[in-house]
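Each remark here refers to the structure printed beneath this line.
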Amino acid sequence: MNKREDLYEKIVELAVRRGFFWQSYEIYGGVAGLVDLGPLGAVLKRNIEEKWREWFIIRHQDFIVEIETPMITPRAVFEASGHLEHFTDPIVECRRCGRKFRADHLVEEKTGTTVEGLKPYELTKIIKENDIKCPICNGNLGEVREFSLLFQTTIGPYSENVGFLRPEAAQGMFTSFKRVYEAMRGKLPLGIGQIGRVGRNEISPRQGVIRLREFTIMEVEFFFDPEEPSCPLLPEVENDEIRLISGDMKKAKTKEPIVVTVREGLKKKLIVNEWLAYFLAIGQKFVKDLGIPLEKQVFEEKLPYERAHYSTQTFDQLVKVSRWGWIEVAGHSYRGRYDLSRHIAYSRKDLTVYRQFREPRLVRIEELEVDAEKLKEFYGENSAKILRAISESDKNILLKELESKGYLSIAGFRIPKELFKVKVVEREMKGKRFIPHVVEPSYGAERLLYATLEYAYTIKEGRVILKLPKDIAPISVAVLPLVNREPLVNLARKIYDNLKLTKLRAIYDSSGSIGRRYARSDEIGIPLALTVDYRSLENNTVTLRDRDTWRQVRIKIEEAYKKIPLYIKGELTFEQLGTPVS
RNA sequence: GCGGCCGUCGUCUAGCCUGGAUUAGGACGCCGGCCUUCCACGCCGGCAAUCCCGGGUUCAAAUCCCGGCGGCCGCACCA
């Protein structure tokens, strides 16, 4: 056990003892991958969320908005999103030694054929036919089972209606995209953000708060016109330096990141999209505001086989922590048109958006035309019904279906493609419909919470000081009578009551010596200690003590109510609070 | 899930190997009181552990055995 590992243990110990977080349901033995946030942890997390809002929502509020959608999600959504298919692994267990293997990997290895998309019973059959044994102990293998990382439940009293807990918040933003788009009066680009809980039924979560079965995601789905992919805000960040490990560098086993400006990263085609690059820059500022320096952050591109099924480029935003090295606190994905186009195909709803051209353009388009005469011939009196159904449907979707299947199932009939004609015509178009592309920055709140604590954790003269950023610290000020005695106590209580009215989070502490109370307050990261002493009674002043330097200034009580909130927001320096105490 | 190590007051730990004299001890913490004019002061008193849960062996189990749950490490897994 080296020093670095100790740091994790010390933080967990502090977290449990002082009320940041601990294992859930521990009186029943606990459950791996579930944690409770205590009184301090809950506020700390809220402050981190609020900081995220500042960076991602509030500064872009004219085109990025926040919504809330449910955790419980019907099956159809995850069929469309691909999660049911891709979030599942076929697992087979050895009957002798109990070891578990990926059934598809095993079969592919032994037979040399690809078995992608095969059902569990098909894989079981192949294993039996080829007499595939346990690669470790050569024992017989059992039935292939699906292991899904999705938590499953039923919606309502009928067990047929299967629902899942979302493993990411994104799908709620895609399925309600059209509503938000309309509410935002049909403008692109449009960002839809959400902070919400998600569930992933991890096989073996360890690493405490780092890998959870239920956690909070903070993400933005940012929709834009792929023909207008440039980011007008780029100049604000284009000279920011980011530390980056590209896919090519990873293939070449380079572990040291290169430092490039955002502009260079785009120019060298390391980053495929300007918005993606923009959010990398915003993201590192956000994480820096939590007290994690830039040199402890890095963006690592995921290789194709490491990427999620929906992504064409993904950067993990990594932060260095003591015990596990670089951990992922965010994924920045270019999801392209994948999600919306899947939802269009599966729901048959039009989720495209319309953009008017400045000048009308001549565009060659394919048009679907029905042979009404033949339709009448084949379907008789049903043809009217069919025609109506066709005219009510989106022609482009029908055209796609016709092309892929060779027929159209509509109004309860199966219409062969011979009854349709596809005409290519030139048309003057005033605009076009298209599927927006999506860039997604997605943060894990609990991991950020842990990393924030770790970077705040310092030891001074043998005492723990949590140097949390002032606006992130769960409690802003501690009010302390120098000694636990009247009339100091009375005045201190009055000041405490008044501070609460300023909506600051404050505590009052009179137990033990003043030194002990300073130490207690440092340990949970309270940036300021306000001490009422005997001079306070004479001239209505108090001392303020800085957590990090232990320096003190003296300030008029009335001014303290105004200046302390400003100091917490970072608008005043400590020295500006009052006159130094020698 | 597999293998290794581990699980005692809120926290850190002594005791476990070599079952019984410990009412399961200590330190820190916390609470109350005294003291105290600025960095975990001191004193007094108190709170706090059916020794993770369940079963077994035994006259007797924190201690030995089995199972479960949980933690850490390694393997696998991590869209």
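- The nucleotide B:U11 finds its pairing partner in B:A27, both defining distances of the Watson-Crick or G-U wobble pair being shorter than 3.5 Å.
- Here, B:C5 and B:G46 have their C1' atoms 38 Å apart, quoted to the whole Å.
- Between the CZ atom of A:Phe21 and the C1' atom of B:G71 there is a distance of 14 Å, given to the nearest Å.
- The pair A:Arg516-A:Asp509 does not count as a salt bridge, with every side-chain nitrogen at least 4.0 angstrom from each carboxylate oxygen.
- Look at CG on A:Asn201: it is 13 Å from C1' on B:G1, rounded to the nearest Å.
- A:Ile27 places its CD1 atom 12 Å from the P atom of B:U50, with the value rounded to the nearest Å.
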Could you go through the side-chain contact (heavy atoms from CB on, under 4.5 Å) check for A:Thr175 and A:Thr69 one step at a time?
-> CA-CA 10 Å; A:Thr175 53; A:Thr69 65; 6.0 Å; no

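- Taking a pair to require two hydrogen-bonding distances under 3.5 Å in either a Watson-Crick or a G-U wobble arrangement, B:C75 pairs with B:G1.
- The side chain of A:Glu202 sits closest to B:C78 out of B:C78, B:C38, B:U36.
- One P atom belongs to B:U63, the other to B:C16, and the distance between them is 13 Å to the nearest Å.
- Across the protein-nucleic acid pair, A:Tyr25 atom OH and B:C69 atom C1' stand 15 Å apart, rounded to whole Å.
- For B:C66 and B:U57, the P atoms lie 15 Å apart once the distance is rounded to whole Å.
- At the heavy-atom level, A:Trp22 lies nowhere under 4.0 Å from the strands shown.
- In this structure, A:Glu168 pairs ionically with A:Arg335, as a charged nitrogen and a carboxylate oxygen lie closer than 4.0 Å.
- Closest to the A:Trp324 side chain, of the nucleotides B:C73, B:U37, B:C72, is B:C73.
- Taking the charged nitrogens against the carboxylate oxygens, A:Lys250 and A:Glu300 do have a contact shorter than 4.0 Å, which makes a salt bridge.
- The partner of B:U22 cannot be assigned: no Watson-Crick or G-U wobble pair with both contacts below 3.5 Å exists in any strand.
- Each of A:Arg485 and A:His83 lies near RNA chain B, and the nucleotide nearest A:Arg485 is the one positioned closer to the 5' end.
- When the nucleotides B:U11, B:C38, B:U36 are ranked by their closest atom to the side chain of A:Thr543, B:C38 comes out on top.
- Phosphate proximity of B:G70 to A:Gln23: absent, as no side-chain N or O sits under 4.0 Å from OP1 or OP2.
- Judged by distance alone, with hydrogens and angles left aside, A:Arg211 brings a side-chain donor or acceptor within reach of the base of B:C77, the pair sitting under 3.5 Å.
- Side chain to side chain, A:Ser521 and A:Arg545 fail the donor-acceptor criterion of an N or O pair below 3.5 Å.
- In this structure, A:Arg551 pairs ionically with A:Glu575, as a charged nitrogen and a carboxylate oxygen lie closer than 4.0 Å.
- Taking a cutoff of 4.0 Å between a charged side-chain nitrogen and a carboxylate oxygen, A:Lys470 and A:Asp548 do not qualify as a salt bridge.
- Under the 3.5 Å distance criterion, the side-chain polar atoms of A:Gln576 are matched with a main-chain donor or acceptor of A:Thr573.
- At a cut-off of 3.5 angstrom, counting only N and O atoms as typed in the model, there is a donor on one side and an acceptor on the other between the side-chain of A:Arg206 and the base of B:G1.
- Across every strand in view, B:U50 sits unpaired, with no contact that passes the Watson-Crick or G-U test at under 3.5 angstrom.
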Are A:Glu9 and A:Arg323 close enough, and set up right, to give a side-chain contact (heavy atoms from CB on, under 4.5 Å), and what steps lead you there?
-> CA-CA 9 Å; A:Glu9 276 178 18; A:Arg323 192 163 192 148; 3.7 Å; yes

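- The separation of B:G33 from B:G19, taken at their P atoms, amounts to 49 Å, rounded to a whole angstrom.
- Taking a pair to require two hydrogen-bonding distances under 3.5 Å in either a Watson-Crick or a G-U wobble arrangement, B:A61 remains unpaired.
- The gap from the P atom of B:A40 to that of B:C53 amounts to 39 Å, rounded to the nearest Å.
- We find that CD1 of A:Ile217 is positioned 17 Å from P of B:C78, with the value rounded to whole Å.
- Of the P atoms belonging to B:A76 and B:G54, the separation is 37 Å, rounded to the nearest Å.
- Distance CD (A:Glu26) to P (B:G70): 13 Å, rounded to an integer number of Å.
- Figure legend. B:U36 is base-paired to no nucleotide; pairs are counted as Watson-Crick or G-U wobble with both atom distances under 3.5 Å.
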Check: protein-nucleotides 39-44 of chain B nitrogen or oxygen pairs below 3.5 Å:
unit_1: B:C39; atom_1: O3'; unit_2: A:Arg463; atom_2: NH1; d: 3.2
unit_1: B:C39; atom_1: O2'; unit_2: A:Arg463; atom_2: NH1; d: 3.3
unit_1: B:C39; atom_1: O2; unit_2: A:Arg463; atom_2: NH2; d: 2.7
unit_1: B:C39; atom_1: O2; unit_2: A:Arg545; atom_2: NH2; d: 3.2
unit_1: B:C39; atom_1: N3; unit_2: A:Arg545; atom_2: NE; d: 2.7
unit_1: B:C39; atom_1: N3; unit_2: A:Arg545; atom_2: NH2; d: 3.4
unit_1: B:C39; atom_1: N4; unit_2: A:Arg545; atom_2: NE; d: 3.2
unit_1: B:C39; atom_1: N4; unit_2: A:Trp550; atom_2: O; d: 3.0
unit_1: B:C41; atom_1: OP1; unit_2: A:Arg516; atom_2: NH2; d: 3.0
unit_1: B:C41; atom_1: OP2; unit_2: A:Ser513; atom_2: OG; d: 2.4

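- Looking at heavy-atom distances under 4.0 Å, A:Ser511 makes contact with sugar-phosphate atoms alone, never a base.
- In this structure, the OH atom of A:Tyr28 is 22 Å from the P atom of B:G68, given to the nearest Å.
- A salt bridge does not link A:Lys494 to A:Asp497: none of the charged side-chain nitrogens sits closer than 4.0 Å to a carboxylate oxygen.
- The distance from atom CD of A:Glu9 to atom C1' of B:C73 is 12 Å, rounded to the nearest whole Å.
- Taking atom P in both B:C65 and B:U13, the straight-line distance is 23 Å, to the nearest Å.
- With a 3.5 Å ceiling on both atom-pair distances, the Watson-Crick or G-U wobble partner of B:G70 is B:C6.
- For the C1' atoms, the distance from B:A48 to B:C30 is 9 Å, rounded to whole Å.
- Contact annotation: A:Arg323 side-chain N/O to B:C73 OP1/OP2 distance is under 4.0 Å.
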